[in-house]
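See below for the structure under consideration.
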Amino acid sequence: MAAPATKTIGDLNGKWVLNKALSDSVDPALSLQGVSWLVRKAIGAATVTLHVKQYKGAPTPPTEKPDDLVTRIDIQQVATAGVKGTAENRCLDYVFREHSDWLFGHVRGRSRWIAATELKTLVSEGGEALKSGWVEDDFVALDWLEDDAEKGGPEGETHILNHVESLDAGWTALQVWGFQSVGGERRYVRNIVVAKGDKFVNFKMVYDWIPE
């Protein structure tokens, strides 16, 4: 189901289910991340639902400004087919926080708001993402809706940027969240690139809105 007009990157609260027919396969990325064949096949067969809570709150440690309020996004990923769920808990202050789970192991990640112009610079020649080897092209900056209605960030940003580094498997993942027109309908989308050494996997995850 298409995202309602009231849902923007500034309000992702609610339930979203991965539309596998409209999304790219996650299998090549999971393989690059070292996930076993059996687990990848189970994930491929599962229905994955995101339960999202987005709000203002105190940042989790580590932080230099514990009294400041930041945007927090807590996501419980619930899967079928016997696949254990995972949690995504993000503070949009771009501070690295370490996390461990059964699927991706020991990682550290950071998140922030990002505007379209800054995103294009990030992945262009000379940009941090390209220089650092997180991406090989501008895939994460493509296909977004960028009109005024999408400016849900505190300073009119249209996206959330997530950068994750594996601390024991050597890969990185760069995600950009926002909204795109897919199949003629406005949908919540994540453009993602997983990188390890000289290998890169670009893929798109497209979500259906689930009304209460």
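The structure presented is a predicted model; accordingly, all values stated were derived computationally and were not measured. These numbers come from the heavy atoms of this one structure, side chains and all, not from hydrogens, waters or symmetry mates.
- Ile114 and Val140 fall within a single hydrophobic cluster, where Ile, Leu, Val, Met, Phe, Trp and Tyr are joined by side-chain heavy atoms under 4.5 Å apart, directly or via other members.
- Residue Ile160 is not grouped with residue Val123 when hydrophobic side chains (ILVMFWY) are merged at heavy-atom distances under 4.5 angstrom, including chains of intermediate members.
- Closest of all the heavy-atom pairs between Ser111 and Asn162 is OG-OD1, 2.5 Å.
- Looking at Lys196, its side chain does come within 3.5 Å of a backbone N or O of Ala169 through a donor-acceptor pair.
- Using a distance-only test at 3.5 Å, with no hydrogens or angles considered, a donor-acceptor pair links the side chain of Glu157 to the main chain of Glu155.
- Classification of Asp101 and Lys84 as a salt-bridged pair fails, no side-chain N sitting under 4.0 Å from a carboxylate O.
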Inset, instruction - May I have the step-by-step check of side chain to side chain contact (heavy atoms under 4.5 Å, CB included) for Leu103 and Ile43, ending in yes or no? - result: CA-CA 10 Å; Leu103 182 59; Ile43 290 172; 3.8 Å; yes

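- Under the 6.0 Å cut-off for aromatic ring centres, His159 and Trp113 do not qualify, their centroids lying 6.0 Å or more apart.
- For Lys120 and Glu146, the salt-bridge test fails: no basic side-chain N is under 4.0 Å from an acidic carboxylate O.
- In this structure, the separation between NZ on Lys41 and CG on Leu38 is 10.0 Å, given to the nearest 0.5 Å.
- Taking NZ of Lys204 as the start and CZ of Arg187 as the end, the distance is 13.0 Å to the nearest 0.5 Å.
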Inset, instruction - Verify salt bridge (Lys or Arg N to Asp or Glu O under 4.0 Å) between Glu165 and Arg110, making sure each step is shown before the conclusion. - result: CA-CA 9 Å; Glu165 298 177 350; Arg110 55 184 178 170; 5.5 Å; no

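- Between atom CG of residue Asn89 and atom CZ of residue Arg97 there is a gap of 10.5 Å, rounded to the nearest 0.5 Å.
- Nearest heavy atoms, Ala195 versus Gly133: CB-O, 3.6 Å.
- At least one side-chain heavy atom of Glu128 sits under 4.5 Å from a side-chain heavy atom of Trp134.
- Val189 and Trp177 are members of different hydrophobic clusters when ILVMFWY side chains are connected at heavy-atom separations under 4.5 Å.
- Side-chain contact between Thr49 and Trp16 is absent, with no heavy atoms from C-beta onward closer than 4.5 Å.
- Of the possible donor and acceptor atoms, one in the side chain of Lys20 sits under 3.5 Å from a partner among the backbone N and O of Gly44.
- Here the side chains of Glu98 and Leu167 are in contact, with some heavy-atom distance below 4.5 Å.
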Legend entry - Derivation of the side chain to side chain contact (heavy atoms under 4.5 Å, CB included) call for Leu122 and Leu130: CA-CA 7 Å; Leu122 182 73; Leu130 203 60; over 6 Å; no

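- A heavy-atom distance below 4.5 Å is found between the side chains of Val39 and Trp102.
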Inset, instruction - Go through the steps to decide whether Leu174 and Phe139 satisfy the test side chain to side chain contact (heavy atoms under 4.5 Å, CB included), and finish with yes or no. - result: CA-CA 11 Å; Leu174 193 70; Phe139 169 79; over 6 Å; no

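- A donor-acceptor pair is defined here as one N or O able to donate and one able to accept, closer than 3.5 Å; such a pair exists between the side chain of Gln54 and the backbone of Leu12.
- Looking at heavy atoms from C-beta onward, Ile75 lies out of side-chain contact with Thr86 at the 4.5 angstrom threshold.
- Of the inter-residue distances, the one linking Glu88 atom CD with His99 atom NE2 reads 8.5 Å to the nearest 0.5 angstrom.
- One hydrophobic cluster holds both Val35 and Val83 under the rule that ILVMFWY side chains link at heavy-atom gaps under 4.5 Å.
- Ion pairing between Arg40 and Asp27 holds under the 4.0 Å rule for side-chain N and carboxylate O.
- Counting only heavy atoms from C-beta outward, the side chains of Leu119 and Thr158 never approach each other to under 4.5 Å.
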Inset, instruction - Would you please test His163 and Tyr94 for ring-ring contact (aromatic ring centres under 6.0 Å, His included) and show each step? - result: CA-CA 9 Å; His163 170 227; Tyr94 214 50; 7.2 Å; no

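- In this structure, CG on Asp24 lies 9.0 Å from CG on Asn191, to the nearest 0.5 angstrom.
- Here the side chains of Thr47 and Val17 are in contact, with some heavy-atom distance below 4.5 Å.
- Val26 and Val107 end up in the same hydrophobic cluster when Ile, Leu, Val, Met, Phe, Trp and Tyr side chains are linked at under 4.5 Å.
- Scanning both residues, Trp209 and Lys15, for their nearest heavy atoms gives CE3-O, 3.5 Å.
- Under the 4.5 Å side-chain criterion, counting only non-hydrogen atoms from C-beta, Asp208 is not in contact with Leu18.
- Proximity of a side-chain donor or acceptor of Lys7 to a complementary backbone N or O of Tyr188 within less than 3.5 Å is not detected.
- Minimum interatomic distance between Val194 and Ala173 (heavy atoms only, all atoms of both residues): CG2-CB, 4.1 Å.
- Closest approach of Asp138 to Leu142, counting heavy atoms only: O-CG, 3.4 Å.
- Taking the centre and axis of the six-membered ring of Phe179, the NZ or CZ atom of Arg186 falls inside the cone set by 45° and 6.0 Å.
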Inset, instruction - Evaluate the criterion side chain to side chain contact (heavy atoms under 4.5 Å, CB included) for residue pair Phe203 and Arg190; output intermediate values, then yes/no. - result: CA-CA 8 Å; Phe203 62 106; Arg190 299 178 176 188; over 6 Å; no

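- A donor-acceptor distance shorter than 3.5 angstrom exists from the side chain of Ser124 to the backbone of Thr121, with no hydrogens or angles considered.
- Annotation: the span from Leu32 atom CG to Phe200 atom CZ amounts to 9.5 Å, rounded to 0.5 Å.
- In terms of heavy-atom proximity, Ala79 sits nearest to Val48 at CB-CG2, 4.3 Å.
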